[in-house]
Amino acid sequence: MRCNLWLALALGLAVTGCTREQWHRFPSPDDVIAAVPWFSVMHTGIAIQPYKMPRQPAEGAVPVTGIEVVPPPIPQNEAALNRLRNPVQQTAASIERGRDRYEIYCSLCHGDGGVGDGPVAPALANAVRDLTDPRQVARSDGWIYATIRHGFGALMPEYGSKISPEDRWHVVNYVRVLQGAAR
Ligand code: HEC
């Protein structure tokens, strides 16, 4: 059966006598694939660029690994943010992970020690907050978590699309270490 198929194909080619010139008139394989509706979906599909969040799951979708619980916007919802419970214990591993993320994403503005003296701070008219300031120490874990998720004011960008929910809690745990060291 398989043999017959190849034979038929070979015979067909021999009969049509496909020359080299004719071969070059054939469209490129990409065009052929794009012409098939099912394949063209792959051509026109929306690509997710680096640093972009994947699209939200469809309504009613059941999470397999758990989805993010988005904290309410900051600074309007202080009471609700204060009620957010930090689910990540401040273990040595958590602090280490938090330090790693902090030094990638936060120290450029807030400085390695958290006092707001990162190399970018002068470019922001020194508006960067000293995280070891008593007012910041008094902030709840949920408040700091929401600051990372949504950004703060006009000058601090959001890091929700770059730092996973769990990592944000690790960063919170590490900020607490910086605050403790400064006291
Ligand atoms: C581009 C510079 C920049 C980066 C990067 C940055 N911040 Fe900020 N951050 C700011 C500025 C500026 C403010 C003060 C904004 C204001 O008061 O309007 C601020 C404020 C804060 C505050 C105080 C909010 C309050 O209650 O007043 C916290 C907490 C904070 N940042 C944490 C972080 C953490 C954690 C990271 C890393 C994930 C980070 N920031 C990354 C610039 C930055």
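Whatever order the structure lists them in is the order used to number ligands and atoms, beginning at 1. Everything numeric here is computed off the predicted structure, so don't read it as measured data. All residue numbers in this chain count up from 1 along the given sequence.
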Is Arg97 salt-bridged to Glu166, going by a charged N under 4.0 Å from an acidic O? no

Using a strict 4.0 Å cut-off to heavy atoms of [X], name the atoms of ligand 1 that fall inside it.
X	value
Trp143	25 (C), 26 (O)
Ala127	12 (C), 14 (C)
Ile148	35 (C), 38 (C)
Val171	35 (C)
Pro157	1 (C)
Val128	11 (C), 12 (C)

Do Tyr145 and Arg168 get their side chains close enough for a donor-acceptor pair, meaning under 3.5 Å?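 Yes, side-chain donor-acceptor contact under 3.5 Å.
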
Test salt bridge (charged side-chain N to carboxylate O under 4.0 Å, His left out) on Arg101 and Glu96 and set out the steps. CA-CA 9 Å; Arg101 297 294 98 179; Glu96 182 49 30; over 6 Å; no

Does ligand 1 have an atom under 4.0 Å from some heavy atom of Tyr102? no

Between atom CD of Gln90 and atom CZ of Arg176, what is the distance when rounded to the nearest 0.5 Å?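 If we round to the nearest 0.5 Å, Gln90:CD and Arg176:CZ are 9.0 Å apart.
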
Interatomic distance, Gln179 atom CD to Arg139 atom CZ [nearest 0.5 angstrom]: 11.5 Å

Kindly say whether Pro73 contributes a backbone atom to a donor-acceptor pair with the side chain of Asn77 at under 3.5 angstrom? yes

Protein contact to [atom] [nearest heavy atom, distance to 0.1 Å]:
atom	value
atom 2 (C) of ligand 1	Cys109 SG, 1.9 Å
atom 38 (C) of ligand 1	Cys106 SG, 2.7 Å
atom 28 (C) of ligand 1	Leu131 CD2, 3.4 Å
atom 42 (C) of ligand 1	Met156 CB, 3.6 Å
atom 20 (C) of ligand 1	Arg129 CG, 3.7 Å
atom 18 (O) of ligand 1	Gly153 CA, 3.8 Å

Quick check on atom 8 (Fe) of ligand 1: does Thr147 put an N/O/S atom closer than 2.8 Å to it? no

For atom 40 (N) of ligand 1, the option (of Glu158, His110, Arg168) bearing the nearest heavy atom: His110

